[in-house]
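Here's the structure we're looking at; comments come further down.
Below, chain A is the first sequence line, B the second, and so on; all start at residue 1.
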Amino acid sequence: MKRLGAAFFDRRTETVAKELLGKYLTLRTKTATLSGLIVETEAYHENDPASHSYKGKTPRNAPMFGKPGHAYVYFTYGMHWCFNIVTEKDGTAGAVLIRAVEPVSGIELMKKNRKKKDVYQLTNGPAKFTQAFGITEKYNNMDLINGAIGIYDERQRMPGSIVRTNRIGISVAKDDLMRFYVRDNPFVSVK
DNA sequence: CTCTGGATTAGCT
DNA sequence: GCTAATCCAGAGC
């Protein structure tokens with residue numbers, strides 16, 4: 001398993017979103033290792049009306065304008081966290097929202113964190129995934145190249161056929177085809 | 001300062 | 001299908 005470096009993330013947001021499918025996302029703490037295979041992503045690029053970065057840099061969205069390969073974690077709907085991976089060169093906004101993963105390791109801890117026992121309900125949504133992994137503001141702006149969360153590639157693994165479609169839960173740029181998921185994977189949030 | 005609505009989810013009808 | 005939960009960023013005054 002090879003850990004992905006900054007060069008992977010320092011590219012067009014859309015390209016990174018598509019290529020993240022089939023990669024492993026692993027979080028290591030002192031007491032546990034949680035890992036999942038990324039099966040659903042969404043791209044939010046610089047000149048995108050649906051992106052938090054659209055109207056310019058603010059304290060909240062600043063990580064999106066920062067270094068590629070860092071995390072952008074934000075709080076929404078008064079109760080949920082969403083986890084993004086920053087893309088594009090330093091100074092240019094862009095991020096990929098991780099919407100769903102297929103649980104690989106640490107499944108018992110995910111069940112505990114989610115208070116659910118059905119494995120299909122653990123990580124099939126952006127806020128379900130962060131809850132299962134225990135991701136909160138602590139991880140905002142974290143370096144994913146060297147930090148506790150990393151993205152890993154297992155070369156032999158093929159992600160399968162990729163579906164490209166419109167994003168979920170936004171009110172502008174509804175028809176932009178910026179969502180990507182692995183066809184027929186049962187852990188995708190919405191078919 | 002006040003107000004609006006959100007890159008969601010769970011639970012009910 | 002509908003909506004409460006529950007906080008806060010961003011916009012407008």
Side-chain angles (χ1 to χ4, degrees), chain A residues 9 12-21 23 25 36 38-66 68-88 92-103 110-142 144 149 151 162-182 185-191:
Chain A
F9 304 101
R12 286 182 70 214
T13 306
E14 197 183 319
T15 306
V16 177
K18 198 185 322 176
E19 293 191 14
L20 276 171
L21 297 177
K23 302 290 191 285
L25 186 154
I38 299 170
V39 297
E40 182 181 351
T41 61
E42 280 180 2
Y44 288 87
H45 61 86
E46 175 96 340
N47 296 308
D48 178 353
S51 173
H52 291 167
S53 62
Y54 186 56
K55 292 174 180 168
K57 193 171 173 176
T58 66
R60 181 206 201 191
N61 67 25
M64 289 188 78
F65 289 82
H70 283 229
Y72 169 46
V73 179
Y74 68 87
F75 187 65
T76 192
Y77 290 104
M79 64 190 84
H80 298 303
W81 297 97
C82 288
F83 176 84
N84 298 252
I85 299 177
V86 176
T87 58
E88 311 276 358
T92 300
V96 175
L97 172 70
I98 303 300
R99 283 194 58 89
V101 307
E102 176 176 330
M110 293 183 201
K111 288 179 178 173
K112 193 176 150 209
N113 288 342
R114 289 273 299 132
K115 300 182 171 66
K116 299 263 180 197
K117 50 188 178 184
D118 178 5
V119 72
Y120 295 103
Q121 290 301 315
L122 296 177
T123 54
N124 63 330
K128 296 182 191 180
F129 154 68
T130 56
Q131 190 180 36
F133 276 59
I135 294 172
T136 65
E137 80 282 353
K138 295 191 304 261
Y139 292 90
N140 192 29
N141 215 23
M142 171 178 277
L144 306 180
I149 296 176
I151 308 300
I162 293 172
V163 180
R164 175 176 189 157
T165 181
N166 58 305
R167 293 172 292 193
I168 307 290
I170 55 171
S171 57
V172 294
K174 276 192 178 73
D175 299 323
D176 285 1
L177 302 177
M178 289 294 167
R179 172 169 171 251
F180 303 89
Y181 66 88
V182 177
N185 184 287
F187 296 91
V188 167
S189 68
V190 182
K191 275 58 170 198

Any donor-acceptor pair under 3.5 Å linking the side chain of Arg167(A) with the backbone of Ala43(A)?
yes
What is the ring orientation for Phe75(A) with Trp81(A), classed by angle as parallel under 30°, tilted 30 to 60°, or perpendicular over 60°?
tilted
Using the side chain to side chain contact (heavy atoms under 4.5 Å, CB included) rule, pick out the option among Asn84(A), Leu97(A), Thr76(A) that qualifies with Pro126(A).
Leu97(A)
Roughly how many Å apart are dT2(B) and dT6(C), using the P atom of each and rounding to a whole number?
23 Å
Would one find a side-chain N or O of Lys116(A) under 4.0 angstrom from OP1 or OP2 of dT9(B)?
no
Is the shortest side-chain heavy-atom distance between Arg164(A) and Met178(A) below 4.5 Å?
yes
Side-chain contact test, heavy atoms from C-beta onward, threshold under 4.5 Å: evaluate it for Val172(A) versus Tyr54(A) and give yes or no.
no
Check every strand shown and say whether Lys174(A) touches a base, only sugar-phosphate, or nothing at a heavy-atom separation below 4.0 Å.
nothing
Under 3.5 Å, side chain of Glu88(A) to main-chain N/O of Ala93(A), donor-acceptor pair present?
no
Hey, is the main chain of Ile168(A) close enough, under 3.5 Å, to the side chain of Glu42(A) for a donor-acceptor pair?
yes
Which listed nucleotide (dA7(B), dT9(B), dG11(B)) is nearest to the side chain of Arg114(A)?
dT9(B)
Atom pairs, N/O to N/O, protein against nucleotides 10-13 of chain C, distance under 3.5 Å?
{"unit_1": "dG10(C)", "atom_1": "OP1", "unit_2": "Thr58(A)", "atom_2": "OG1", "d": "2.9"}
{"unit_1": "dG10(C)", "atom_1": "OP2", "unit_2": "Thr58(A)", "atom_2": "OG1", "d": "3.3"}

Among dA7(B), dA5(C), dC7(C), find the nucleotide with the atom closest to the side chain of Phe75(A).
dC7(C)
Mind calculating the distance between CD (Glu42(A)) and C1' (dT8(B)) to the nearest angstrom?
12 Å
Can you give the dot-bracket line for DNA chain B, using ( ) for pairs inside the strand, [ ] for pairs that cross earlier ones, | for pairs with another strand and . for unpaired bases, where Watson-Crick and G-U count if both distances are under 3.5 Å?
||||||.|||||.
What's Tyr77(A) touching, base or sugar-phosphate or nothing? Going by heavy atoms closer than 4.0 Å.
base
Flag, side chain of Gln121(A) to backbone of Lys116(A), donor-acceptor distance under 3.5 Å:
no
Considering every strand and a 4.0 Å limit on heavy-atom distances, what is the contact class for Leu97(A): base, sugar-phosphate, or nothing?
base
Main-chain N/O of Val73(A) paired to Asn140(A) side chain as donor or acceptor, under 3.5 Å:
yes
If you look at every strand shown and take non-hydrogen atoms under 4.0 Å, does Ala50(A) touch a base, only sugar-phosphate, or nothing?
base
Interatomic distance where CD belongs to Gln131(A) and P belongs to dA7(B) [whole Å]
19 Å
Mind checking the C1' distance from dG1(C) to dA7(B)? Whole angstroms is fine.
22 Å
Which whole-number value in Å describes the distance from Ile170(A) CD1 to dG6(B) C1'?
12 Å
Interatomic distance, Phe180(A) CZ vs dA7(B) C1' [rounded to whole Å]
15 Å
At under 4.0 Å between heavy atoms, what does Arg179(A) touch on the DNA or RNA strands: base, sugar-phosphate, or nothing?
nothing
Distance in Å, Thr58(A) OG1 paired with Met64(A) CE, rounded so as to fall on 0.5 Å steps
10.0 Å
Could you tell me the separation between the CD1 atom of Ile168(A) and the P atom of dG6(B), rounded to a whole number of Å?
15 Å
Under 3.5 Å, is there a donor-acceptor pair between the side chain of Asn61(A) and the main chain of His52(A)?
yes
Taking only the side-chain heavy atoms of Met79(A) (C-beta and beyond), determine which of dA5(C), dT8(B), dA10(B) contains the nearest atom.
dA5(C)
It should be established whether Ser171(A) places a side-chain nitrogen or oxygen under 4.0 Å from OP1 or OP2 of nucleotide dG6(B).
yes
Here the distance between atom P of dT8(B) and atom CD1 of Ile98(A), to the nearest Å, is 14 Å
Quick one: on DNA chain B, does Met64(A) or Gln121(A) contact a more 5' nucleotide (nearest heavy atom)?
Met64(A)
Mind calculating the distance between CG (Asn166(A)) and C1' (dA7(B)) to the nearest angstrom?
13 Å
Find the distance Glu137(A):CD to dC8(C):C1' and express it as a whole number of Å.
13 Å
